[in-house]
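Below is one structure, written out as structure tokens; comments come after it.
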Amino acid sequence: VTIDGLDSSSISKIRHGSFMNCTSLENVTLSDNITDIGESAFENCTTFTSFKMPGSCTAISDGLFRNCTSLKKVTNISKVKSFGNGAFDGCTSFNMNLTIPSDTTFIGNGCFRNCESLISVTIPKNVKDLGSKAFAGCSSLKEANISAEINTIKYGTFEGCYALDKVILPSLVTSVEGGVFKGCGDIDVIGNDSIQNDNGLLIGNKTVFAFVGAGKETITVPDGIEKIGNAAFEGRSIKNVKLPTSLLYIDEFAFKNCEMLQGINFPRKLKRIGNYAFLNCIALTPEIDNILSWSKVIIGPEGNSAIA
């Protein structure tokens with residue numbers, strides 16, 4: 001496909017889904033006069049291996065290259081300010097050491113999800129929104145250097161990034177949502193003034209946001225911690241957890257699918273256990289006698305779902 005050499009000003013936009021499911025499309029050359037490429041325009045084009053963005057395009061739209069399984073690289077992206085939701089989702093051959101352009105401000109939900117060959121990513125300061133599950137399933141991703149001016153690492157950002165061994169948190173980040181590192185191994189997370197890595201526990205504002213260690217069977221949560229965050233230990237191969245006397249809350253999914261978890265103590269001051277907090281903890285025999293009054297402990301709005 002070559003969209004060039006017509007009237008140089010006649011084509012400025014490629015509409016939504018224009019070439020979707022063109023599975024035999026091998027080469028794409030677009031004129032620099034094109035300023036807008038619609039959502040999913042090349043979705044499921046499984047044959048072409050590279051793509052040069054038109055020089056006038058400042059956005060990669062939602063789902064633009066979704067499931068382009070042979071796509072290895074996209075060039076001429078220096079002017080791109082927005083990477084849409086699911087833009088590269090399922091681009092399993094996308095094997096760049098990716099540096100997001102310095103003027104980019106937005107990376108959408110699931111933007112690079114399941115880019116199984118992506119090796120590293122550098123996210124610049126100007127990014128103000130890094131979407132949930134942006135890099136989930138990037139199983140070859142080893143390093144993420146994030147300088148973005150964001151306050152929160154959103155849900156599932158690096159879920160299933162099995163090879164990830166280093167993440168540098170931005171200086172402004174004050175919270176990490178649930179499942180950010182679900183399914184990952186032992187990660188060297190370099191914290192900031194608000195979030196510290198304490199022996200694999202990401203801790204900030206008296207909360208354990210996530211556990212990023214591996215090979216540790218016994219976890220001791222430090223004194224002063226008041227909350228275990230959403231999905232903080234989900235799916236981890238831990239056997240015993242010692243909670244501090246200061247603990248007040250265990251959030252939803254906190255220990256979900258910790259199938260090897262055998263022992264945990266419930267501090268006397270505990271006020272709430274969130275929904276599905278211990279779902280599928282099939283080996284668990286918790287210490288419950290030391291709770292001050294079980295009648296005062298809220299076990300999830302959905303009742304015993306906390307310990308189903």
Side-chain angles (χ1 to χ4, degrees), residues 12-18 20 30 32 34-43 51-68 71 73-91 94 96-116 118-138 141 143-161 164 167-181 192 194-195:
S12 62
K13 181 176 182 178
I14 296 177
R15 296 190 180 276
H16 172 91
S18 291
M20 182 187 289
L30 301 182
D32 280 342
I34 293 175
T35 59
D36 185 4
I37 305 176
E39 295 177 9
S40 301
F42 295 98
E43 183 173 341
F51 187 93
K52 182 181 178 181
M53 289 293 296
S56 300
C57 268
T58 59
I60 294 178
S61 60
D62 292 355
L64 180 58
F65 301 108
R66 182 181 283 119
N67 294 330
C68 292
L71 183 64
K73 63 180 180 179
V74 174
T75 59
N76 202 34
I77 62 173
S78 62
K79 295 182 180 179
V80 173
K81 296 181 179 181
S82 173
F83 288 77
N85 299 322
F88 294 89
D89 188 0
C91 292
F94 198 68
M96 298 175 65
N97 289 297
L98 179 64
T99 298
I100 301 295
S102 59
D103 289 337
T104 299
T105 60
F106 176 82
I107 299 174
N109 297 334
C111 183
F112 296 95
R113 179 169 46 200
N114 296 324
C115 289
E116 297 175 356
L118 186 65
I119 299 168
S120 68
V121 61
T122 299
I123 302 174
K125 180 179 179 180
N126 284 332
V127 171
K128 302 298 191 293
D129 191 343
L130 177 59
S132 62
K133 297 202 172 188
F135 298 96
C138 293
L141 185 67
E143 183 173 346
N145 188 343
I146 312 171
S147 300
E149 292 186 340
I150 54 177
N151 300 118
T152 299
I153 304 295
K154 293 184 179 180
Y155 174 80
T157 299
F158 297 105
E159 178 181 342
C161 294
L164 190 63
V167 174
I168 301 175
L169 294 181
S171 60
L172 298 182
V173 166
T174 57
S175 66
V176 176
E177 291 186 356
V180 165
F181 298 105
N192 55 31
S194 299
I195 298 178

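The figures that follow rest on heavy atoms only: side chains count, while hydrogens, waters and symmetry mates do not.
The heavy-atom pair separating S82 from F106 by the smallest distance is OG-CD2, 3.4 Å. Scanning all heavy atoms of the two residues, the minimum distance from G84 to D62 falls at CA-OD1, 3.3 Å. Nearest heavy atom pair, residue T157 against residue G131, reads OG1-O, 4.0 Å.
Residues S147 and N145 are in side-chain contact: their nearest non-hydrogen atoms beyond the backbone lie under 4.5 Å apart. Side-chain contact between L164 and F135: absent, with no pair of heavy atoms (C-beta onward) separated by less than 4.5 Å. Two residues are said to be in side-chain contact when any heavy atoms from C-beta on lie closer than 4.5 Å; F88 and V74 meet this criterion. Proximity of T122 to I100: side-chain heavy atoms (C-beta onward) are nowhere separated by under 4.5 Å. With a 4.5 Å cut-off on side-chain heavy atoms, F83 and T104 count as touching. Within the 4.5 Å cutoff, the side chain of L30 has heavy atoms near those of the I14 side chain.
The local environment of NZ in K128 is crowded, with over 12 non-hydrogen atoms from other residues, nucleotides or ligands closer than 6.0 Å.
Without hydrogens or angle criteria, E177 side chain to K154 main chain gives no donor-acceptor distance under 3.5 Å.
Under the 30°/60° scheme for interplanar angles, the aromatic rings of F65 and F51 are found to stand perpendicular.
Residue M53 forms a side chain to side chain contact (heavy atoms under 4.5 Å, CB included) with just one option from T75, D32, I77, and that option is I77.
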What do the steps show when you test T152 against S175 for side chain to side chain donor-acceptor pair (under 3.5 Å), and what is the final call?
CA-CA 5 Å; T152 299; S175 66; 3.0 Å; yes
Under the side chain to side chain contact (heavy atoms under 4.5 Å, CB included) rule, what do N126 and D103 come out as? Steps first, then yes or no, please.
CA-CA 6 Å; N126 284 332; D103 289 337; 4.2 Å; yes
